[in-house]
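A note on names: the letters A, B, ... follow the listed sequences, proteins ahead of strands, and every chain is numbered from 1. These numbers were taken from a predicted model, which means no experiment stands behind them.
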There are 2 protein chains.
Amino acid sequence: MAEVVEFADLEVLPLDALAPRERILKTASDLFYRFSVHSVGIDRIIAESGVAKMTFYKHFPSKANLVATYLRHKSAVWFQMLETATQQPGLTAQERILAIFDALDGPFRSPAFRGCPFVKGLAEFGPEADTPDVQATITAYFEGLRELVASLVEPLALPKPERAVIQILSLIQGSIVMAQASRDPLLAEANREAARLLIEGAVGTGASHR
Amino acid sequence: MAEVVEFADLEVLPLDALAPRERILKTASDLFYRFSVHSVGIDRIIAESGVAKMTFYKHFPSKANLVATYLRHKSAVWFQMLETATQQPGLTAQERILAIFDALDGPFRSPAFRGCPFVKGLAEFGPEADTPDVQATITAYFEGLRELVASLVEPLALPKPERAVIQILSLIQGSIVMAQASRDPLLAEANREAARLLIEGAVGTGASHR
DNA sequence: GCAAAGACAGACAGATCTGTCTATATCGCC
DNA sequence: GGCGATATAGACAGATCTGTCTGTCTTTGC
């Protein structure tokens with residue numbers, strides 16, 4: 001919870017108006033996301049955030065700690081966006097799920113879009129890496145997303161809810177990967193439609209909903 | 001075409017029976033896939049492949065060249081598997097598409113499975129990296145997959161084939177990401193079913209096929 | 001059996017990485 | 001206005017990275 005507050009306003013303020021810790025985190029976040037974690041050294045983060053090395057190590061005891069903090073930040077922002085989108089009042093249960101794809105459309109069109117930080121994290125810090133903090137953060141993200149989708153699928157009372165959860169999750173992650181690889185403007189809409197068909201098709205095989 | 005031949009038998013022979021070039025490539029391939037490219041240094045590849053440093057640099061002028069070769073290898077093996085699966089005689093056009101998900105089920109269950117090398121490649125060598133060979137190989141992979149799926153969708157004569165291609169591609173990539181993140185044994189089957197529903201649902205909206 | 005080509009072992013250079021340390025400057029607060 | 005906390009600048013250590021170079025050994029073809 002302090003986790004969320006500490007990142008407040010990170011997106012809007014100019015860099016030099018931020019306190020050192022936030023300046024470091026924002027700089028690192030941008031660089032890690034654009035170039036990958038292993039491609040960006042501490043020295044570069046320090047130089048671009050205009051901070052002294054000792055200041056950096058006072059706030060972040062190690063690079064791994066900074067990476068974990070970066071991922072927690074991305075996770076918090078992303079889940080907040082998802083919850084805003086899916087919890088809008090007046091939506092049916094089905095519309096809440098489809099709202100995820102509507103929320104993806106904007107990011108997909110941004111030139112700064114570089115895919116999912118956690119898929120990238122999995123690529124750089126797989127199961128054999130020795131950075132438990134980082135891996136735990138990545139695992140928590142995927143688990144959190146699964147729980148969110150499961151909570152949205154449950155009110156539909158589908159005959160095989162866990163299958164629908166897998167399908168929706170695959171569509172979400174797949175569309176993010178494809179957006180990164182191809183930048184097709186139809187992506188979000190096509191996958192929204194796919195999700196709709198899946199839900200309605202599953203409903204057809206025998207269950208009440210609303 | 002020489003590209004494919006040069007990797008022949010790389011998967012089966014014991015390491016020390018291979019010629020130096022193949023030994024290097026197999027060692028690098030395993031290490032890159034398990035630990036990520038940036039986490040594995042040339043020295044480690046040389047040590048584990050039991051080769052001299054000069055021998056390495058004779059066969060691969062740089063690490064980037066080795067990485068590109070590694071990705072071309074993975075691409076060739078993967079497309080060969082896909083073509084074997086989808087071109088089986090006696091399959092309908094729809095079954096050819098679903099055969100992709102059947103082909104994925106085996107790899108998903110392998111403990112050595114670590115996701116898609118090209119998604120991981122995109123994570124480590126994004127658009128701002130200065131390794132054109134590597135990036136071109138990654139781009140070619142995604143383009144090749146798109147073309148393969150498009151060629152399988154086309155005979156279905158769907159009303160919106162490009163939309164179906166996007167949806168199928170997203171399901172494929174999404175299931176690969178999810179398999180890496182969660183290892184749910186239902187993944188391939190659930191997404192196969194999703195693809196089937198999508199195709200049949202799209203057909204329903206007005207077109208002949210077979 | 002011998003010459004030529006290729007592989008081996010390992011030192012070396014130069015860059016870069018994470019993390020530590022010292023010494024100086026600046027800022028907030030009473 | 002002065003004090004304590006915090007930030008700055010930058011040298012430094014030790015490890016590790018890619019790529020080069022020098023020799024010696026092994027294999028292979030004739």
J.: Could I get the full list of side chain to side chain donor-acceptor pair (under 3.5 Å) partners for His38(A), not counting sequence neighbours?
T.: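 With neighbours one apart ignored, the set is Ser39(B).
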J.: Quick one: Lys63(B) NZ to dT16(D) P, roughly how many Å, whole number?
T.: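 Lys63(B) atom NZ is separated from dT16(D) atom P by 15 Å.
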J.: Which residue pairs pass the side-chain hydrogen bond (donor to acceptor under 3.5 Å, both in side chains) test when at least one of the two sits in residues 166-180 of chain B, sequence neighbours left out?
T.: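 For residues 166-180 of chain B, and leaving out neighbouring residues, the side-chain hydrogen bond (donor to acceptor under 3.5 Å, both in side chains) pairs sorted by first residue read Asn191(A)-Ser170(B).
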J.: Quantified as the angle between the terminal helix axes (five pairs each), what is the overall bend of the helix from dG1(C)-dC30(D) to dC30(C)-dG1(D) to 10 degrees?
T.: 20°
J.: How many Å lie between CZ on Arg44(B) and P on dT16(D), as a whole number?
T.: 12 Å
J.: Just to verify, what does Thr131(A) make a side-chain contact (heavy atoms from CB on, under 4.5 Å) with, not counting sequence neighbours?
T.: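 So Thr131(A) forms a side-chain contact (heavy atoms from CB on, under 4.5 Å) with Ala64(A), Phe125(A), Ala129(A), Val134(A), Gln135(A).
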J.: In whole Å, I'd like the distance from the CZ atom of Phe56(B) to the P atom of dG19(D).
T.: 8 Å
J.: Which salt bridge (charged side-chain N to carboxylate O under 4.0 Å, His left out) pairs, counting each pair once, include a residue from residues 163-173 of chain B, with sequence neighbours left out?
T.: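 Output for this query lists Glu189(A)-Arg163(B).
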J.: I'd like a table of donor-acceptor pairs (distance under 3.5 Å, sequence neighbours excluded) in which one partner is a side-chain atom from residues 97-117 of chain A, with atom names and distances.
T.:
| from | atom 1 | to | atom 2 | distance (Å) |
| --- | --- | --- | --- | --- |
| Asp102(A) | OD1 | Arg192(A) | NH1 | 3.3 |
| Asp102(A) | OD2 | Arg192(A) | NH1 | 2.7 |
| Asp105(A) | OD1 | Arg109(A) | NH1 | 2.6 |
| Asp105(A) | OD2 | Arg109(A) | NH1 | 2.7 |
| Ser110(A) | OG | Ala112(A) | N | 3.1 |
| Arg114(A) | NH1 | Pro111(A) | O | 3.0 |
| Arg114(A) | NH2 | Glu128(B) | OE2 | 2.7 |

J.: Whole angstrom is fine here: how far is it from CZ in Phe60(B) over to P in dT20(D)?
T.: 16 Å
J.: What integer distance in Å separates Asn65(B):CG from dT18(D):C1'?
T.: 14 Å
J.: Rounded to the nearest 0.5 Å, what's the gap from CD on Gln87(B) to CZ on Arg96(B)? Could you check?
T.: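 The CD atom of Gln87(B) sits 5.5 Å away from the CZ atom of Arg96(B).
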J.: Under the side-chain contact (heavy atoms from CB on, under 4.5 Å) test, which residues partner Ser75(B), sequence neighbours left out?
T.: Phe79(B), Phe118(B), Tyr141(B)
J.: List in numerical order all residues of residues 124-137 of chain A for which some heavy atom is under 4.0 Å away from an atom belonging to DNA chain D.
T.: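 Output list: empty, so none.
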J.: Could you state the OH-C1' distance from Tyr57(B) to dA13(C), rounded to the nearest angstrom?
T.: 13 Å
J.: Is any side-chain heavy atom of Ser182(B) less than 4.5 Å from a side-chain heavy atom of Arg146(A)?
T.: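 Side chain of Ser182(B) against side chain of Arg146(A), heavy atoms only: no contact under 4.5 Å found.
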J.: Please identify each residue that fulfils salt bridge (charged side-chain N to carboxylate O under 4.0 Å, His left out) with Asp133(B), with sequence neighbours left out.
T.: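 By the salt bridge (charged side-chain N to carboxylate O under 4.0 Å, His left out) rule, Asp133(B) matches no residue at all.
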J.: Check the interface with nucleotides 7-9 of chain C: list each N/O to N/O pair with the protein under 3.5 Å, or write none.
T.:
| from | atom 1 | to | atom 2 | distance (Å) |
| --- | --- | --- | --- | --- |
| dC8(C) | OP1 | Gly50(B) | O | 3.3 |
| dC8(C) | OP2 | Ala52(B) | N | 3.2 |
| dC8(C) | OP2 | Thr55(B) | OG1 | 3.4 |

J.: Which residues pass the side chain to side chain donor-acceptor pair (under 3.5 Å) test with Glu154(B), not counting sequence neighbours?
T.: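 Listed in chain order: nothing, the list is empty.
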J.: Would you kindly give the NE2-to-P distance between His38(A) and dT18(C), to the nearest whole Å?
T.: 10 Å
J.: Can you sort out the partners of Leu197(A) under side-chain contact (heavy atoms from CB on, under 4.5 Å), two or more places apart, ordered by chain and number?
T.: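 Partners of Leu197(A) under the side-chain contact (heavy atoms from CB on, under 4.5 Å) test: Leu198(B).
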